[in-house]
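Just so we're on the same page: letters track the sequence lines, and every chain starts at 1.
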Number of protein chains: 2
Amino acid sequence: MAKPDDRTVRTRRRSDGARTHEQILATAMELASVEGLGSLTIGRLARELDLSKSGVFAHFRSKARLQQQTIEAAREVFEREVLEPGLDAPDGLARLESLCEAYLSYVERGVFPGGCFFAQLLAEFDAPRGPIHDEVVELQRGWLALLERLIGTAKERGELDSSVDAQQLAFDLYAPLELANYLSVLRRDPTVVERGRTAIRATLTSAGRREGDRNRLGGRPTKE
Amino acid sequence: MAKPDDRTVRTRRRSDGARTHEQILATAMELASVEGLGSLTIGRLARELDLSKSGVFAHFRSKARLQQQTIEAAREVFEREVLEPGLDAPDGLARLESLCEAYLSYVERGVFPGGCFFAQLLAEFDAPRGPIHDEVVELQRGWLALLERLIGTAKERGELDSSVDAQQLAFDLYAPLELANYLSVLRRDPTVVERGRTAIRATLTSAGRREGDRNRLGGRPTKE
DNA sequence: CCTACCGATCGGTAGG
DNA sequence: CCTACCGATCGGTAGG
């Protein structure tokens, strides 16, 4: 607060520690999406950001807190890159399709260099017990609950057949989204995402009350 | 060879180093399926097996070779637990269904404590470049090629519609297998596997030429 | 945000 | 298969 308008500043020092904190988390998300949250080390982050190990450490005071905050930062990216655009569509079937397409687009655009942060987290912490496992359970529950809620609304509006099992359909939609993510990263080929689009389209069509409904999930890939 | 019939042997020492080698790999597969191949350390294995670190190290002479041999050992388990029972069915659609069911049963039986070894490997090494990544690419290619081959045969025999895209259908079948694996481990609840069975059944039915075909992938869960 | 440290563990080597 | 080591890196602390 002493010298707020100092224009002689070298490069950083704009908003002091907060800016560094953000940069650390941004790098942490990238590293974790590629190599896993377990491979994320404070020393590695320090090297990557040209800071001292203790400098990085001071921002979090424990590795567990670094991991928690990295997950939280990734949650915000997911919110901005998938949930917000995905849910910005008319309620019902259109919103369900839009959400699936938003996820596939997020994979296709390579928002995280190692693919979906949470797909990585699911596979990494599905088995080992601990606080991160518990958080992944909650995150997955929330994701599936969201899909089930949209499916329920689409059923109420008569856009999906009333005989549809919402939990099963949520599983049926989630599966190709996940596989499209893993395979597109594995092959370094975002066109695999098109397989996911085709699968989603077919699943929604066969769950629909009639195929005359306009299907907005077309074959046009997202330009970026 | 000097004392082949020594009955005064304490406990181990049956087939000497080969037995120890197998035990190390068995433990390595279990650990890797839970925590990932990257978290597998020689020191950890030594503790788990009550050996010295160098004793374990001597069997492999590098961490890379330990990882390679662990993957190879897991490949043999997959062969025995999935491919052999799965492919032991009449050629065509029945064999395709049987293979999917064999995978789901392998997940359900908890052959590896952390779920499918290769699903873990896919998620762990989809992004980081290196020799393991390259091997995962090959393994995935082989798995999808096998599915596509079985689909091709089923089409030739008229058990699947001739308009079916073999690559797409392989993707559509693979997706629920993978998700059933991840979610059943995450929730520690093998009944999630039933979601996978339902998805596979629906996908094969809608790809079939007519629904009058006998569908052997029933709702009876594998007893063990 | 830094230097300077701590004990533990890593992959790996020497030598037996 | 062992003991005894090596340099590097880990998470974390002290003290500024």
Answer yes if the side chains of H21(B) and Q69(B) hold a donor-acceptor pair under 3.5 Å, and no otherwise. yes

So, OP1 or OP2 of dC2(C): does either fall under 4.0 Å of a side-chain N or O from S54(A)? no

Nearest to the side chain of F57(A) - dG12(D), dC10(D), dT3(D)? dG12(D)

Which one, dT9(C), dT9(D), dT3(D), comes nearest to the side chain of S52(B)? dT3(D)

Donor-acceptor pair present, K63(A) side chain and dG12(D) base, under 3.5 Å: no

Which nucleotide in the list dT3(D), dC10(D), dC10(C) gets nearest to the side chain of R44(B)? dC10(C)

Can you confirm whether or not the ring centre of F78(B) sits under 6.0 Å from the ring centre of F118(B)? yes

Q167(A) versus R195(B), side-chain donor and acceptor atoms under 3.5 Å: yes

Within the 4.0 Å heavy-atom criterion, would you say R65(B) contacts the bases, only the backbone, or no part of the nucleic acid? nothing

Looking only at dG11(C), dT13(D), dC10(D), the nucleotide nearest the K53(A) side chain is dC10(D)

R75(A) and E135(A) ion-paired at < 4.0 Å: no

Watson-Crick or G-U counterpart of dG16(C), or none if no pair lies under 3.5 Å: dC1(D)

Value in whole Å for how far the P atom of dC10(D) lies from CD of Q67(A): 14 Å

What's T41(B) touching, base or sugar-phosphate or nothing? Going by heavy atoms closer than 4.0 Å. sugar-phosphate

In whole angstrom, give the distance that lies between atom NE2 of H59(B) and atom P of dG12(C). 16 Å

For dA8(C), give the paired nucleotide (Watson-Crick: N1-N3 plus N6-O4 or O6-N4; G-U: N1-O2 and O6-N3; both under 3.5 Å), or none. dT9(D)

Round to a whole Å and report the spacing from CG of L45(A) to P of dG11(D). 9 Å

